[in-house]
Amino acid sequence: MGGGPRLDARRPADLLAARRAARERAGARPAHVCRGARHRRDRPRRQHRSDHRRGGRALAPRADERDGSPDPAAGGVRVPARARHAVARHHQRGARARPHVQHGRGGAVHQRAARCHPPPPRTRMTTTQESDQVLQRRANLEELRRLGVAPYPNRFDRQASIDGIVRAHGGKTGEELDAARTTTRTAGRILAIRSFGKANFLVLSDGKARIQVYIREDSLPARDFQIFKLLDFGDWVGVEGQLFRTKTKEFTIRASRLEFLAKCLLPLPEKWHGLTDVEIRYRQRYLDLIVNPEARQVFELRSRVVTAIREFLVGRGFLEVETPMMQSIPGGALARPFVTHHNALDIPLYMRVAPELYLKRLVVGGIERVFEINRNFRNEGMSAQHNPEFTMLEFYWSYADYTDLMSLTEDLLVEVAQTALGTDELRYGDHTIALKKPFPRLLLREVVRAAASKRLGVDVAPDDLRARDRAAALAARLGIEVTPGMGAGAITVEMFERLCEQDLVQPTFVHDFPTEVSPLSKQKPDDPETVERFELYVAGMEIANAFSELNDPAEQRRRFEAQLRARAAGQEEAHALDEDYVRALEYGMPPAAGEGIGVDRLVMLLTNSHSIRDVICDPVSADEAEVAGSR
RNA sequence: GGGCCGGUAGCUCAAUUGGCAGAGCAGCAGACUCUUAAUCUGCGGGUUGCAGGUUCGAUUCCUGCCCGGCUCACCA
């Protein structure tokens, strides 16, 4: 796929762009037909928003939509070919007005099935889809039934996956294949059908690889060829046959048997342009996966990343645990939780915003190294970097402090990138990012001071960030809004977010945060206004948040009380007081350091994805049923 | 929440000052013995996101709403 040098096949948008470029080079169609598509596909070079939660570890993501199921209400009537069009027209008129039920064997069955399932889905595509194409596909299904072919057989004795066949034999020459006379038996979804009278070709996919199948009437049992004639784009089939190369050198299975495995009743997105509508890509990820191979690559890489993280930590003696997702006091981060209710206990429960306090309880219990990779839920805004539920790695390391964590983080990122990608050089948008340790370590206040000085053209003094009134005055000069509840520390962090964050492209540790915004972190021995905390930024995104853990129960109680005051002052995200957590600390927690890493964002980085929704299989979106009527 | 852009056939996209809503792919019928975006001939397919308004006439102009993208703000 010869895109430009800046195209990255790992990134769906790039692959699509390359496809488009290829087509335009071929002069197949005037460029203007793609204008809208390009517009829609284009992404910003960089996101300027970054999440930052004062205090707890905090990496929230963002979201969008989900799928909508197809309307199963169409009928399954087998329609004589000459009558099909008339039926389709009639059908469409009816479909707009009310849920349309056709009376027929298949139709009745589907109708019943639909009632058994959750909310009756009505997608925007549904009603019009009940037109020709669906009717035709249903008719083909009924025709198979009539031939005595089980339309949904229970199993298929597959000998090899398409991917396995391609890897084992795909490199062989035609002569080698002919000599070997290898017969195989595999299965997949039909992604293309090309017919030439007596020579017919299918392209099958197993999701990872594709293979061509050659079908001739005279080399198949009659029944199997009948099946072939009733196939539609998207159906699942099994084939058996010998491997060979066609005249055009295409690696191919010469089918001697064909079995029908499952019907695709709804038309799939077009093969050439693929699926570019991001809304459908997120709502109906299965369609994205079927037609855009690069979508699959993202999720495979995500899996390798998570595995690599796990192996890295386990190899260093960390114990993986799972702590409560539903908590009666949501803690560990400054974020608004989702609320639910337990009926039997008749109590409210909160979806966790972080596992932090539970993991540290385990450290109190003597698990010296512990980690969890799991979901957090935050009931807040969504953006290209924020999904309401997102995956977070948190780990705690006894007898270590935050400087140890910086070194460990460097090792972790480099190793994960090497394992999952095979390189420590990343391309992200226009940037090349080098994951080379050591990463620069910059003091938060120095970063802010430098940025503010540059912005204002004057020398900002360190004390300007220490005193509340001077910090507020500085913020005002910078055009940054400050609320009465914000102290010097919060103002400093606000300035950091506005002025500095987005420019931290190469991996950079920003450390030593104000105590005010870090209720769970340990102060520096010589500076109680500052805690031993850092955040790691890459590509302008907050990737990690870590600190030496506060283990003095009295100080922790004071911090919680400060949070309660903030809460009383209207800051909903402030921490609640978790008495049991303080009690745990009273039993004694060893010195320890802990860190949270946003897994989704890490995967974004490694896959050159610019929206968190590209790395989450099913990002949150409004219920399609709710909005169907208006679309 | 504000601003900008968008929503037209299953998919990707057109539609010139408001004047019969189109193309390619997909589908259907036919031709074709190695194609691969197969090709060729023919044919179907639309409540133009929803609801109002202006107009002889609205995809087009106006109002409201819904959905999406980007962005600013909020969350912080």
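Residue numbers start from 1 in every chain, and the chains themselves are labelled A, B, ... in the order their sequence lines are given, proteins ahead of strands. FYI, side chains are in, hydrogens and waters are out, and symmetry mates aren't considered; it's all heavy atoms of this structure.
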List the steps, then state whether salt bridge (charged side-chain N to carboxylate O under 4.0 Å, His left out) holds for A:Asp235 with A:Arg189.
CA-CA 6 Å; A:Asp235 289 354; A:Arg189 187 192 285 276; over 6 Å; no
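- The nearest heavy atom of RNA chain B to A:Leu231 and to A:Gly197 marks one nucleotide each, and the one closer to the 5' end goes with A:Leu231.
- For the pair A:Leu287 CG and B:A26 C1', the interatomic distance rounds to 14 Å; values are reported in whole Å.
- Put simply, CD on A:Gln502 is 12 Å from P on B:U71, counting in whole angstrom units.
- Taking atom P on both nucleotides, B:C34 is separated from B:G42 by 23 Å, rounded to a whole Å.
- If you check the side chains of A:Asn140 and A:Gln136, you find a donor sitting under 3.5 Å from an acceptor.
- Only the C1' atoms considered, B:G10 is 30 Å distant from B:G19, to the nearest whole Å.
- For A:Ile280 and B:G49, the CD1 to P distance is 15 Å, given to the nearest whole Å.
- In this structure, the ring of A:Phe228 has its center no less than 6.0 angstrom from the ring center of A:Phe260.
- Of the listed nucleotides (B:C34, B:G68, B:C28), B:C34 has the atom at the smallest distance from the side chain of A:Thr246.
- Here A:Arg245 lies out of heavy-atom contact (under 4.0 Å) with every strand.
- The same atom, P, is picked in B:G6 and in B:C62; the two are 12 Å apart, to the nearest Å.
- Each of A:Val517, A:Leu444, A:Val510 was compared with A:Arg533 under the side chain to side chain contact (heavy atoms under 4.5 Å, CB included) criterion, and only A:Val517 meets it.
- Taking atom CZ on A:Phe233 and atom C1' on B:A37, their separation rounds to 11 Å, with Å as the unit.
- With both ends at atom P, the span from B:U39 to B:G24 equals 12 Å, rounded to whole Å.
- A:Ser195 comes within 4.0 angstrom of a nucleotide base, judged by non-hydrogen atoms across all strands.
- In terms of polar N and O atoms assigned as donor or acceptor, the side chain of A:Glu250 never comes within less than 3.5 Å of the base of B:U35 in a complementary pairing.
- Heavy-atom nearest nucleotides on RNA chain B were determined for A:Leu268 and for A:Asp218, and the one closer to the 5' end corresponds to A:Leu268.
- For A:Arg194 and B:A38, the shortest distance from a side-chain N or O to OP1 or OP2 is below 4.0 Å.
- Between A:Arg138 atom CZ and B:C28 atom P the separation is 15 Å, expressed in whole Å.
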Test salt bridge (charged side-chain N to carboxylate O under 4.0 Å, His left out) on A:Lys208 and A:Asp206 and set out the steps.
CA-CA 5 Å; A:Lys208 292 184 84 167; A:Asp206 67 355; over 6 Å; no
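- A 6.0 Å sphere centred on CZ of A:Arg455 holds no more than 12 heavy atoms belonging to other residues, nucleotides or ligands.
- Atoms CG (A:Leu135) and C1' (B:G45) sit 12 Å apart, rounded to a whole Å.
- For B:G49 and B:C40, the C1' atoms lie 38 Å apart once the distance is rounded to whole Å.
- The side chain of A:Thr248 approaches B:U35 more closely than any other nucleotide in the set B:C34, B:U35, B:G27.
- Atom-to-atom, CG of A:Asp232 to C1' of B:A26 comes out at 11 Å; the value is rounded to the nearest Å.
- Nearest to the side chain of A:Gln136, among B:C11, B:G68, B:C28, sits B:C28.
- For B:G64 and B:G57, the C1' atoms lie 23 Å apart once the distance is rounded to whole Å.
- Looking only at atom types and distance, the side chain of A:Arg194 has a donor-acceptor partner in the side chain of A:Gln212 under 3.5 Å away.
- Taking the ring centre of A:Tyr214 as origin, the terminal cationic atom of A:Arg254 falls outside the region bounded by 6.0 Å and 45° from the ring axis.
- Counting only Watson-Crick or G-U wobble pairs whose defining distances are both under 3.5 Å, the stems of 3 or more consecutive pairs in RNA chain B are B:1-7 with B:66-72, B:10-13 with B:22-25, B:27-31 with B:39-43, B:49-53 with B:61-65.
- Ring-to-base geometry does not place A:Phe196 in a stacked arrangement with B:C32 (centre distance under 5.5 Å, plane angle under 30° required).
- Heavy atoms of other residues, nucleotides or ligands lying less than 6.0 angstrom from CD of A:Glu250 number more than 12.
- Distances were taken from every side-chain heavy atom of A:Glu380 (C-beta onward) to each of B:U35, B:C28, B:C75; the shortest belongs to B:C75.
- Going from the P atom of B:G45 to that of B:A21 covers 14 Å, rounded to whole Å.
- Here the C1' atom of nucleotide B:C34 and the CG atom of A:Leu243 are 16 Å apart, to the nearest Å.
- Closest approach to the A:Arg498 side chain among B:C74, B:U36, B:U33 is made by B:C74 (side chain taken as heavy atoms from C-beta onward).
- When the P atom is used for both B:G53 and B:U8, the distance is 24 Å, rounded to whole Å.
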